[in-house]
Amino acid sequence: MSMFCYQCQETAGGKGCTVRGVCGKTEDVARLQDLLIYTLKGISEIVVKGKIDATKLGDVNYQVLSSLFMTITNANFDDSAIEHHIRKMIAVRDELKKSVSTDVLHDAATFSVDSREDMLAKAATIGVLATENEDVRSLREMITYGLKGMAAYTEHAMNIGKENFEISSFVYAALAATLDDSLTADDLVALTLKTGEYGVKAMALLDEANTSKYGNPEITQVNIGVRSNPAILISGHDLTDLEQLLEQTKGTGVDVYTHSEMLPAHYYPAFKKYDHFAGNYGNAWWKQLEEFVTFHGPILFTTNCIVPPRNEEVRGRIFTTGSSGFPGCKHIAADEGGKKDFSEIIAMAKTLPAPEQIEEGSIVGGFAHNQVLALADKVVEAVKSGAIRKFFVMAGCDGRMKSREYYTNFAEKLPKDTIILTAGCAKYRYNKLKLGDIGGIPRVLDAGQCNDSYSLAVIALKLKEVFGLDDINKLPITFNIAWYEQKAVIVLLALLYLGVKNIHLGPTLPGFLSPNVAKVLVEKFGIAGIGKVDDDIELFMA
Ligand code: SF4
Ligand code: SF3
């Protein structure tokens with residue numbers, strides 16, 4: 001077996017990618033990512049055993065989080081970038097080791113490699129399957145994937161200048177724990193929930209960062225058609241990249257459109273002042289192969305999800321920044337002060353035609369916690385009068401699998417007295433349907449990006465308080481979540497930590513759950529998969 005990865009929903013056969021990922025990840029990239037994670041575990045062990053305080057680690061915290069982020073599905077396909085990070089992290093590790101007196105360190109904290117060949121050979125011995133017990137492996141991986149999602153959110157918050165050292169300390173403790181053979185499956189189940197607890201903190205931190213810098217999301221109509229100017233498409237999740245791009249394109253005659261997970265940027269007051277912030281182009285990430293062709297202008301990826309471009313012309317228009325990367329595509333790094341120079345992208349845009357219209361009209365969003373709580377009286381009244389019978393949280397990810405048509409059909413067939421609360425790119429399965437409203441409240445309330453699932457939790461907790469309930473599960477809310485990559489793993493763990501039971505997860509349960517671990521999730525938390533649309537609706541409405 002030349003690689004093994006089962007971290008995402010589209011893993012081959014629902015079991016694991018063993019020769020080139022379904023996502024397009026090569027064997028070398030998969031192995032290098034394994035080695036990068038292994039190096040981070042070594043660093044973590046040194047931090048834990050050496051009792052090094054995260055507040056004293058300076059830039060190391062950010063470097064570790066960014067490295068984790070790089071290994072998220074569809075974020076970085078660039079083997080040289082990952083190799084570079086491994087070298088950097090080994091150097092960090094060896095420097096930290098000097099201050100630690102213990103000589104009983106795991107191989108992850110001591111191994112050395114010289115060449116790329118060395119790295120690949122080492123990687124082949126330390127990957128996912130190196131943990132023999134399948135339950136321990138399943139739990140170690142679930143924790144690691146949760147940490148990857150947490151790292152992504154924390155990195156975005158840090159880009160805005162908000163840091164929580166408790167989160168970094170937890171990341172070190174949890175990564176180090178995945179090397180510890182003395183921990184039992186029960187210990188690891190407890191650590192999985194603890195990961196969820198820190199997932200809530202990470203999402204709260206990002207929420208605070210985003211809203212303190214860009215204002216609270218508010219109800220917004222977003223144009224999905226096009227204008228006649230040349231334009232740049234920005235995708236991913238990082239709002240600081242968007243802000244810099246909008247500043248640098250001001251007065252240039254170049255418009256900026258969002259793609260996929262960047263759509264919710266339109267909901268923030270701070271971005272409304274840019275006249276050239278033209279709208280959202282296209283749909284969820286997996287539609288990019290066709291949508292980038294008709295967009296015509298340059299595309300900037302700030303994070304996942306990249307689909308390897310098949311078309312040379314399109315490839316020449318793709319730029320990456322932050323933790324994202326793709327071989328052959330120009331990567332724009334930040335300078336010491338975090339500034340990025342997008343002039344090359346802007347110059348390219350000016351030479352290219354305006355985007356071709358693929359849709360028209362507008363969609364509405366901006367229902368994050370502040371906005372929904374401002375409407376709380378109306379919402380509570382509608383629940384009390386019976387106008388709203390039930391809420392369905394349908395947050396999470398979208399993906400390529402045909403079985404995801406379930407979510408469109410589900411949304412269409414839901415009774416008219418129900419409201420869908422969404423966040424993440426899962427929304428594209430139903431956010432353009434004409435589902436109407438209930439007394440002026442749209443039936444699909446989009447809170448924002450996947451991290452804004454935090455908003456949905458805040459709203460649920462507020463409703464629990466308003467209705468005087470002692471248990472979140474007594475609310476008329478059903479969780480029917482769609483997952484794809486590791487940010488959805490941390491969102492799921494966060495919901496479990498908050499005590500949410502009976503979450504339905506689809507379109508398939510994770511391949512990384514061993515039968516025993518799946519059993520624990522079913523028995524302790526009532527987690528279930530999805531069934532047939534009509535049966536599920538009947539079950540949920542009962
Ligand atoms: Fe396969 Fe998903 Fe891993 Fe890509 S990220 S190699 S598709 S399991
Ligand atoms: Fe989407 Fe990749 Fe997960 Fe952030 S952009 S929700 S899949």
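Whatever order the structure lists ligands and atoms in, that order sets their numbers, starting from 1.
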Practice task
Would you indicate whether the side-chain heavy atoms of Ile420 and Lys427 approach each other to under 4.5 Å?
Solution key: no
Exercise for the section: Indicate the ring-plane relationship of Phe295 and Tyr281, choosing parallel, tilted or perpendicular according to the 30° and 60° boundaries. Expected result: perpendicular
Problem - Beyond-backbone contact of Phe525 with Leu193, side-chain heavy atoms, under 4.5 angstrom - result: yes
Practice task
Please check if atom OH in Tyr497 has more than 12 non-hydrogen atoms from other residues, nucleotides or ligands closer than 6.0 Å.
Solution key: no
Handout entry: For Cys305, atoms of ligand 2 separated by under 4.0 Å from a heavy atom
Key = 2 (Fe), 5 (S), 7 (S)
Problem - Residue Lys519 excluded, over 12 heavy atoms near NZ under 6.0 Å - result: no
Fill in the blank from the handout: So the angle subtended at atom 4 (Fe) of ligand 2 by His237 atom NE2 and Cys450 atom SG, rounded to 10 degrees, is 100°
Problem - Lys/Arg cation over aromatic Tyr145: Lys148, 6.0 Å, 45° cone - result: no
Problem - Ion pair check, Glu312 and Arg315, cut-off under 4.0 Å - result: yes
Completion exercise
Sorted by chain and number, sequence neighbours left out, ring-ring contact (aromatic ring centres under 6.0 Å, His included) with Phe271 holds for Tyr214
Handout entry: Cys425, Ala482, Gly149, Ala284: member with heavy atom nearest to atom 7 (S) of ligand 2
Key = Cys425
Problem - Location of contacts on Gln449 toward ligand 2, heavy atoms closer than 4.0 Å - result: neither
Exercise for the section: For Tyr484, counting its heavy atoms only, list the atoms of ligand 2 lying under 4.0 Å from any of them. Expected result: 7 (S)
Practice task
List every atom of ligand 2 that sits less than 4.0 Å from any heavy atom of Trp285, numbering the atoms from 1 in the order shown and giving each element.
Solution key: 2 (Fe), 7 (S)
Problem - Under-2.8 Å neighbours of atom 3 (Fe) of ligand 1, protein N/O/S atoms only - result: 1
Exercise for the section: Could you tell me if the ring centre of Phe69 sits under 6.0 Å from that of His156? Expected result: yes
Exercise for the section: Using a strict 4.0 Å cut-off to heavy atoms of Asn304, name the atoms of ligand 2 that fall inside it. Expected result: 2 (Fe)
Practice task
Verify whether one side chain among Asn280 and Thr258 offers a donor that lies under 3.5 Å from an acceptor in the other.
Solution key: yes
Practice task
Report the name of the N/O/S atom of Glu261 located nearest to atom 4 (Fe) of ligand 2.
Solution key: OE2
